Amino acid sequence: EVQLVQSGAEVKKPGESLKISCKGSGYSFDIYKIGWVRQKPGKGLEWMGIIHPRDSDTRYSPSFQGQVTISADKSINTAYLQWSSLKTSDTGMYYCARPSTGADVDFWGQGTLVTVSP
Amino acid sequence: QSVLTQPPSVSGAPGQRVTISCTGSSSNIGAGYDVHWYQQLPGTVPKLLIFGYTNRPSGVPDRFSGSKSGTSASLAITGLQAEDEADYYCQSYDASLGGWVFGGGTKLTVL
(Lines give C-alpha, C1' and ligand atoms only; values in the text may rest on other atoms or scores of the structure.)
Protein backbone atom coordinates (compact mmCIF):
# COMPACT_ATOMS: atom_id res chain seq x y z
CA GLU A 1 0.00 0.00 0.00
CA VAL A 2 1.37 3.39 -1.01
CA GLN A 3 1.67 5.78 1.93
CA LEU A 4 3.10 9.23 2.48
CA VAL A 5 3.54 9.90 6.18
CA GLN A 6 4.35 13.44 7.24
CA SER A 7 5.91 14.72 10.42
CA GLY A 8 3.73 16.15 13.16
CA ALA A 9 2.29 19.57 13.76
CA GLU A 10 4.67 22.39 14.63
CA VAL A 11 4.28 25.63 16.57
CA LYS A 12 7.04 28.12 15.95
CA LYS A 13 7.88 31.79 16.45
CA PRO A 14 8.67 34.24 13.65
CA GLY A 15 12.30 34.05 12.64
CA GLU A 16 12.75 30.43 13.67
CA SER A 17 13.79 27.69 11.27
CA LEU A 18 11.83 24.53 10.51
CA LYS A 19 12.19 21.34 8.48
CA ILE A 20 9.21 19.04 7.97
CA SER A 21 9.33 15.62 6.40
CA CYS A 22 7.38 13.24 4.20
CA LYS A 23 8.28 9.54 4.21
CA GLY A 24 7.12 7.38 1.36
CA SER A 25 6.48 3.66 1.54
CA GLY A 26 4.88 0.93 -0.52
CA TYR A 27 6.46 2.00 -3.81
CA SER A 28 9.84 2.78 -5.40
CA PHE A 29 10.52 6.19 -3.90
CA ASP A 30 13.09 7.22 -6.50
CA ILE A 31 10.74 6.70 -9.44
CA TYR A 32 8.05 9.26 -8.60
CA LYS A 33 8.36 12.96 -7.95
CA ILE A 34 7.16 14.50 -4.68
CA GLY A 35 5.43 17.88 -4.67
CA TRP A 36 4.58 20.19 -1.79
CA VAL A 37 1.26 22.04 -1.56
CA ARG A 38 0.26 24.73 0.94
CA GLN A 39 -3.24 25.39 2.15
CA LYS A 40 -3.72 28.42 4.35
CA PRO A 41 -6.63 28.34 6.81
CA GLY A 42 -9.90 28.55 4.90
CA LYS A 43 -8.11 29.00 1.57
CA GLY A 44 -7.26 27.02 -1.53
CA LEU A 45 -4.40 24.81 -2.64
CA GLU A 46 -1.09 26.38 -3.70
CA TRP A 47 1.70 24.49 -5.43
CA MET A 48 5.06 25.24 -3.81
CA GLY A 49 7.48 23.07 -5.71
CA ILE A 50 8.46 19.56 -6.71
CA ILE A 51 11.49 17.32 -6.45
CA HIS A 52 12.59 14.14 -8.15
CA PRO A 53 14.24 11.98 -5.48
CA ARG A 54 16.27 10.14 -8.11
CA ASP A 55 18.55 13.12 -8.76
CA SER A 56 17.09 15.84 -6.47
CA ASP A 57 16.12 17.93 -9.50
CA THR A 58 13.87 20.58 -7.97
CA ARG A 59 11.45 23.15 -9.38
CA TYR A 60 9.86 25.93 -7.36
CA SER A 61 6.77 28.00 -7.87
CA PRO A 62 7.81 31.63 -8.41
CA SER A 63 5.70 32.47 -5.35
CA PHE A 64 7.87 30.26 -3.13
CA GLN A 65 11.29 30.51 -4.81
CA GLY A 66 13.78 31.72 -2.23
CA GLN A 67 11.27 31.32 0.60
CA VAL A 68 11.60 27.58 1.15
CA THR A 69 13.97 24.73 0.33
CA ILE A 70 12.83 21.34 -0.91
CA SER A 71 15.13 18.37 -0.59
CA ALA A 72 15.04 14.59 -0.55
CA ASP A 73 17.06 11.66 0.78
CA LYS A 74 16.28 8.65 -1.36
CA SER A 75 18.27 6.37 0.95
CA ILE A 76 15.54 6.79 3.57
CA ASN A 77 12.62 7.46 1.21
CA THR A 78 12.03 10.91 2.65
CA ALA A 79 11.37 14.36 1.21
CA TYR A 80 11.71 17.59 3.15
CA LEU A 81 10.41 21.13 3.16
CA GLN A 82 12.33 23.70 5.13
CA TRP A 83 12.31 27.32 6.12
CA SER A 84 15.28 29.29 7.40
CA SER A 85 13.24 32.13 8.89
CA LEU A 86 9.52 31.62 9.38
CA LYS A 87 6.93 34.38 9.09
CA THR A 88 3.44 34.50 10.55
CA SER A 89 2.19 34.30 6.95
CA ASP A 90 3.69 30.81 6.69
CA THR A 91 0.94 29.48 8.96
CA GLY A 92 -0.96 26.76 7.17
CA MET A 93 -1.33 23.11 6.33
CA TYR A 94 1.43 21.65 4.19
CA TYR A 95 0.84 18.52 2.14
CA CYS A 96 3.33 16.37 0.32
CA ALA A 97 1.85 14.88 -2.80
CA ARG A 98 2.91 12.14 -5.20
CA PRO A 99 1.87 12.64 -8.80
CA SER A 100 1.39 9.71 -11.13
CA THR A 101 3.11 9.92 -14.51
CA GLY A 102 1.41 13.25 -15.17
CA ALA A 103 0.54 16.08 -12.79
CA ASP A 104 -2.44 14.31 -11.22
CA VAL A 105 -1.77 13.53 -7.57
CA ASP A 106 -2.90 10.05 -6.69
CA PHE A 107 -1.41 10.00 -3.20
CA TRP A 108 -1.30 12.71 -0.55
CA GLY A 109 0.36 12.89 2.83
CA GLN A 110 -1.89 13.53 5.81
CA GLY A 111 -0.65 17.11 6.08
CA THR A 112 1.55 18.94 8.57
CA LEU A 113 0.01 21.94 10.31
CA VAL A 114 2.53 24.72 10.82
CA THR A 115 1.56 27.54 13.14
CA VAL A 116 3.81 30.58 13.35
CA SER A 117 2.86 32.96 16.12
CA PRO A 118 4.76 35.56 18.20
CA GLN B 1 -5.47 35.33 -7.82
CA SER B 2 -5.32 31.75 -9.05
CA VAL B 3 -4.02 30.89 -12.51
CA LEU B 4 -7.08 28.71 -13.10
CA THR B 5 -10.44 30.38 -12.48
CA GLN B 6 -13.32 28.60 -10.77
CA PRO B 7 -16.60 29.95 -9.41
CA PRO B 8 -16.33 30.40 -5.64
CA SER B 9 -19.54 28.50 -4.98
CA VAL B 10 -22.26 26.41 -6.55
CA SER B 11 -25.32 24.78 -5.03
CA GLY B 12 -28.00 22.31 -5.90
CA ALA B 13 -30.73 20.23 -4.37
CA PRO B 14 -30.36 16.50 -3.80
CA GLY B 15 -30.77 14.60 -7.05
CA GLN B 16 -29.95 17.59 -9.23
CA ARG B 17 -27.01 18.13 -11.57
CA VAL B 18 -24.37 20.81 -11.06
CA THR B 19 -21.34 21.82 -13.08
CA ILE B 20 -18.13 23.54 -12.00
CA SER B 21 -16.05 25.36 -14.58
CA CYS B 22 -12.29 25.82 -14.67
CA THR B 23 -10.93 28.45 -17.04
CA GLY B 24 -7.28 28.64 -17.95
CA SER B 25 -5.12 30.15 -20.65
CA SER B 26 -2.79 29.38 -23.52
CA SER B 27 0.04 28.39 -21.16
CA ASN B 28 -1.91 25.66 -19.37
CA ILE B 29 -5.24 24.21 -20.52
CA GLY B 30 -5.00 25.91 -23.91
CA ALA B 31 -1.52 24.45 -24.42
CA GLY B 32 -2.97 20.98 -24.19
CA TYR B 33 -2.03 20.10 -20.62
CA ASP B 34 -4.40 17.77 -18.80
CA VAL B 35 -6.86 18.96 -16.19
CA HIS B 36 -7.47 17.03 -13.00
CA TRP B 37 -10.14 17.49 -10.34
CA TYR B 38 -9.96 16.98 -6.58
CA GLN B 39 -12.61 16.76 -3.90
CA GLN B 40 -11.76 17.98 -0.43
CA LEU B 41 -14.31 17.11 2.22
CA PRO B 42 -14.25 19.32 5.32
CA GLY B 43 -11.15 18.70 7.40
CA THR B 44 -9.71 16.06 5.08
CA VAL B 45 -6.95 15.60 2.54
CA PRO B 46 -7.77 16.32 -1.13
CA LYS B 47 -8.83 13.26 -3.09
CA LEU B 48 -8.30 12.73 -6.82
CA LEU B 49 -11.70 12.69 -8.49
CA ILE B 50 -10.97 13.01 -12.22
CA PHE B 51 -7.65 12.80 -14.05
CA GLY B 52 -6.83 13.60 -17.65
CA TYR B 53 -10.06 15.59 -18.10
CA THR B 54 -12.43 12.62 -18.13
CA ASN B 55 -10.97 9.62 -16.31
CA ARG B 56 -12.19 8.41 -12.93
CA PRO B 57 -9.88 6.60 -10.51
CA SER B 58 -11.17 3.30 -9.22
CA GLY B 59 -13.88 3.83 -6.62
CA VAL B 60 -15.12 7.21 -7.85
CA PRO B 61 -18.81 7.00 -8.73
CA ASP B 62 -19.83 7.61 -12.33
CA ARG B 63 -22.00 10.48 -11.06
CA PHE B 64 -18.79 12.50 -11.44
CA SER B 65 -17.62 13.33 -14.96
CA GLY B 66 -15.24 15.76 -16.60
CA SER B 67 -15.01 17.49 -19.95
CA LYS B 68 -12.91 20.00 -21.86
CA SER B 69 -13.70 22.83 -24.23
CA GLY B 70 -10.93 25.08 -25.56
CA THR B 71 -9.15 26.70 -22.63
CA SER B 72 -11.72 25.49 -20.11
CA ALA B 73 -12.67 22.31 -18.34
CA SER B 74 -15.78 21.34 -16.42
CA LEU B 75 -16.72 18.94 -13.67
CA ALA B 76 -20.29 17.67 -13.64
CA ILE B 77 -21.95 15.97 -10.70
CA THR B 78 -25.29 14.29 -11.30
CA GLY B 79 -27.71 12.88 -8.75
CA LEU B 80 -26.39 15.21 -6.04
CA GLN B 81 -26.07 13.70 -2.59
CA ALA B 82 -25.50 15.33 0.78
CA GLU B 83 -22.10 13.63 0.99
CA ASP B 84 -20.96 15.55 -2.11
CA GLU B 85 -20.84 18.77 -0.10
CA ALA B 86 -17.17 19.70 -0.30
CA ASP B 87 -14.61 21.96 -1.95
CA TYR B 88 -13.61 21.06 -5.50
CA TYR B 89 -10.34 22.08 -7.14
CA CYS B 90 -9.12 21.84 -10.71
CA GLN B 91 -5.41 21.43 -11.45
CA SER B 92 -3.20 21.54 -14.50
CA TYR B 93 0.38 22.19 -15.52
CA ASP B 94 1.49 25.65 -16.60
CA ALA B 95 4.39 25.99 -19.03
CA SER B 96 5.09 29.62 -18.08
CA LEU B 97 5.33 28.81 -14.37
CA GLY B 98 7.00 25.46 -14.93
CA GLY B 99 4.78 23.59 -12.51
CA TRP B 100 1.36 22.77 -11.21
CA VAL B 101 -1.43 25.30 -11.02
CA PHE B 102 -4.67 25.00 -9.08
CA GLY B 103 -7.99 26.72 -9.37
CA GLY B 104 -9.13 28.77 -6.41
CA GLY B 105 -11.63 26.11 -5.41
CA THR B 106 -15.41 25.86 -5.57
CA LYS B 107 -17.55 25.19 -2.52
CA LEU B 108 -20.46 22.92 -3.34
CA THR B 109 -23.49 23.25 -1.10
CA VAL B 110 -26.21 20.62 -1.24
CA LEU B 111 -29.41 22.41 -0.32
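Values in this document were obtained by computation on a predicted structure and should not be read as measured data. Lettering follows sequence order; numbering is per chain, from 1.
In this structure, the side chain of B/Ser92 engages the main chain of B/Asp34 through a donor-acceptor pair within 3.5 Å.
Judged by the 6.0 Å distance and 45° axis criteria, A/Arg38 is not positioned over the aromatic ring of A/Tyr94. In this structure, A/Lys19 is positioned above the aromatic face of A/Tyr80, its NZ or CZ under 6.0 Å from the six-membered ring centre and within 45° of the axis.
With a 4.5 angstrom heavy-atom cutoff, B/Tyr33 does not touch chain A via any of its atoms. Both the backbone and the side chain of A/Leu45 come within less than 4.5 Å of a heavy atom in chain B. Neither the backbone nor the side chain of B/Ser2 comes within less than 4.5 Å of any heavy atom in chain A.
The 12-atom threshold is not exceeded at OH of A/Tyr32, counting heavy atoms of other residues, nucleotides or ligands nearer than 6.0 Å.
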